[in-house]
Amino acid sequence: MIFGVLANATIVPLLVRFLYDPNSRKYRSYETRNLMHLKPDTELRILVCVHTSDNVPAMIYLLDHSCPTKESPNVIYVLHLIELKGRNSPVFIAHHNQETSTAASSFFENIIPFYEYEGNNWDSVTVNAFTTITPLKLMHDDICAMALDKQTSFIILPFHRKWSIDGSLEEENNMVKNLNCNILDQAPCSIGILIDRGRIQKLMKPSSSSSSFSIGMLFLGGNDDREALTLAKRMARDPRVKLTVIHLIAYQDCKNDVYWDTVLDIEMLKDVKQNNGVLGNGCNIKYVEEVSNCGAQTIKLIRSIANGYDLMIVGRRYGVESILLTGLSEWSEFPDLGVVGDLFASMDLDSRVSVLVVQQQKCINVNRH
């Protein structure tokens, strides 16, 4: 009887916890909510998360180049995240344009620029702003719950490192890093982590004479890269954007081995190669192919192209094995960015290019019990 009681009290709970994890599926959506499967003539719903005022300019600049139109508008949900300290109760605030615009308190300083952005694009952008004051360990619940409730297709998160305008590292917040990892595991839609290394801040200066925005998309293949390419195509519809798609091919892929993922990749790249107006008239798109047979050559390529663009868009590709990334995962510093994103965020990379790391929605298999 004693052994039976011990087994029920220790072994059985451990087995239940191992076999069933409700938190990992709590916010998963059974519907497809990503950019790839979004119809061209439907609105794009984006959830933007900001912690401090430093996150705001780069977020707005990225949204401004996502090419919202009257036919395909953007609905932006802004969530200002504040850590709850002490023994106070969590607070959730829904802002209104009229109230926020007249508020003098610095509490709303992260919200006002988004309403100003809406005013400058009133016919194609709608902004809804919220503030949540909650403990850091529960903050991902508010983000995932809002994404599920508002049926967003994309979440944009700021990176946990802050660079100054001259490219030097200013600050690192490991609590934000843990928050991003929790959202990557549980989010009900696709996610993008924005790394601003100072290039976007420079572009936003009034003294900047260039009105064009150069984007590079490094395509290796897979779900995350196809999602990232979909976003890059959408941004390329903006006449100010110049997009270069760099297709990195493994040397062994030059043979006759064809997999289902390869077929999907070829289909995604078809209109980029042809540039036959499918993406929209006036799109400035360049397609480049590069061949690599090891991780060292991939690093060399990344270092050679990093300074040529204002923004790099890459897929997270976390846990994906490829000859292109051989040996690189062992040196990865930021698993939340994947191997490719980690290379662009590394301090060893002498570049100020900003990076958007994209992860496609993790779908639930409805046949799984």
Side-chain angles (χ1 to χ4, degrees), residues 21-38 42-51 55 59 62-63 66 74-81 83 90 92 128-132 134-160 173-195 222-231 234 313-320 334-338 340-342 345 355-366 368:
D21 182 11
N23 291 328
S24 65
R25 297 164 60 89
K26 184 176 180 181
Y27 299 107
R28 297 288 177 83
S29 173
Y30 289 88
E31 298 178 5
T32 303
R33 291 179 183 166
N34 55 43
L35 302 174
M36 271 188 63
H37 295 88
L38 196 67
T42 57
E43 65 182 16
L44 173 59
R45 298 191 173 196
I46 303 175
L47 174 58
V48 177
C49 300
V50 295
H51 297 276
N55 305 145
M59 292 288 186
L62 179 65
L63 293 172
S66 62
N74 284 359
V75 179
I76 311 298
Y77 297 95
V78 183
L79 188 58
H80 180 203
L81 305 166
E83 181 185 3
F92 186 83
N128 300 278
F130 307 86
T131 294
T132 178
T134 188
L136 271 173
K137 63 180 181 180
L138 301 177
M139 199 170 282
H140 66 278
D141 285 329
D142 288 339
I143 297 171
C144 294
M146 174 166 285
L148 188 64
D149 180 59
K150 303 300 182 182
Q151 300 181 2
T152 60
S153 299
F154 199 56
I155 301 174
I156 306 178
L157 305 171
F159 191 50
H160 67 274
N173 192 330
N174 287 324
M175 292 183 291
V176 175
K177 177 182 178 181
N178 295 332
L179 172 64
N180 290 351
C181 290
N182 289 332
I183 299 171
L184 286 167
D185 289 337
Q186 301 184 33
C189 62
S190 296
I191 307 168
I193 298 180
L194 180 60
I195 307 166
N223 292 336
D224 293 346
D225 279 25
R226 290 192 290 270
E227 186 78 357
L229 180 57
T230 302
L231 177 61
R234 183 182 181 92
I313 302 178
V314 299
R316 186 182 179 219
R317 292 175 52 85
Y318 180 69
V320 178
F334 307 115
D336 49 322
L337 300 180
V340 180
D342 177 82
V355 186
L356 182 65
V357 181
V358 178
Q359 173 183 281
Q360 191 180 59
Q361 173 197 22
K362 295 181 178 179
C363 297
I364 293 179
N365 186 356
V366 295
R368 180 181 169 183

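What you see below is based on every heavy atom in this structure, not just the backbone, and it leaves out hydrogens, waters and symmetry mates.
- Among residues two or more places apart in sequence or in another chain, the side chain to side chain contact (heavy atoms under 4.5 Å, CB included) test is passed with Asn55 by Val50, His51, Thr52, Pro158.
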Evaluation steps, side chain to side chain contact (heavy atoms under 4.5 Å, CB included), between Leu79 and Met146: CA-CA 9 Å; Leu79 188 58; Met146 174 166 285; 4.2 Å; yes
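- Asp225 contributes atom CG, which lies 8.5 Å from atom CG of Leu229 (distance to the nearest 0.5 angstrom).
- In this structure, the separation between CD1 on Ile46 and OH on Tyr77 is 11.0 Å, given to the nearest 0.5 Å.
- Asn173 is linked by a side chain to side chain contact (heavy atoms under 4.5 Å, CB included) to Met175, Val176, counting only residues two or more places apart in sequence or in another chain.
- Under the side chain to side chain donor-acceptor pair (under 3.5 Å) criterion, Glu227 pairs with Ser190, Gln360, not counting sequence neighbours.
- The side chain to side chain contact (heavy atoms under 4.5 Å, CB included) search around Thr134 returns Pro90, Thr132, Leu138, Met139, Asp142, not counting sequence neighbours.
- Shown here are the side chain to side chain donor-acceptor pair (under 3.5 Å) partners of Asn223, two or more places apart in sequence or in another chain: Arg226.
- At a threshold of 4.5 Å between non-hydrogen side-chain atoms, the residues Ser153 and Asn34 do not count as touching.
- Rounding to the nearest 0.5 Å gives a distance of 9.0 Å between CG of Leu356 and CD1 of Ile193.
- With values rounded to the nearest 0.5 angstrom, Gln359 atom CD is found 11.0 Å from Ile183 atom CD1.
- Between Leu136 and Leu81, the closest side-chain pair of non-hydrogen atoms is not below 4.5 Å.
- Using a 4.5 Å heavy-atom cutoff, the side chains of Ile76 and Val48 are in contact.
- Checking Val314, Leu184, Val340 one by one against Val357, the side chain to side chain contact (heavy atoms under 4.5 Å, CB included) holds for a single residue, Val314.
- How far CE of Met36 is from OG1 of Thr230: 5.0 Å, rounded to the nearest 0.5 Å.
- Partners of His160 according to the ring-ring contact (aromatic ring centres under 6.0 Å, His included) rule, which considers only residues two or more places apart in sequence or in another chain, are Phe334.
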Before you tell me yes or no, could you show the steps for Cys49 and Ile156 under side chain to side chain contact (heavy atoms under 4.5 Å, CB included), namely the whole-Å CA-CA distance, both residues' side-chain angles and the distance that decides it to 0.1 Å? CA-CA 6 Å; Cys49 300; Ile156 306 178; over 6 Å; no
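- The salt bridge (charged side-chain N to carboxylate O under 4.0 Å, His left out) test applied to Glu43 returns Arg45, not counting sequence neighbours.
- Contacts of Ala147 classified as side chain to side chain contact (heavy atoms under 4.5 Å, CB included), with partners at least two apart in sequence or in another chain: Leu47, Thr152, Ile155, Pro188, Cys189.
- Contact record, Asn180 with Phe159: ND2-CA, 4.3 Å, taken as the closest heavy-atom pair.
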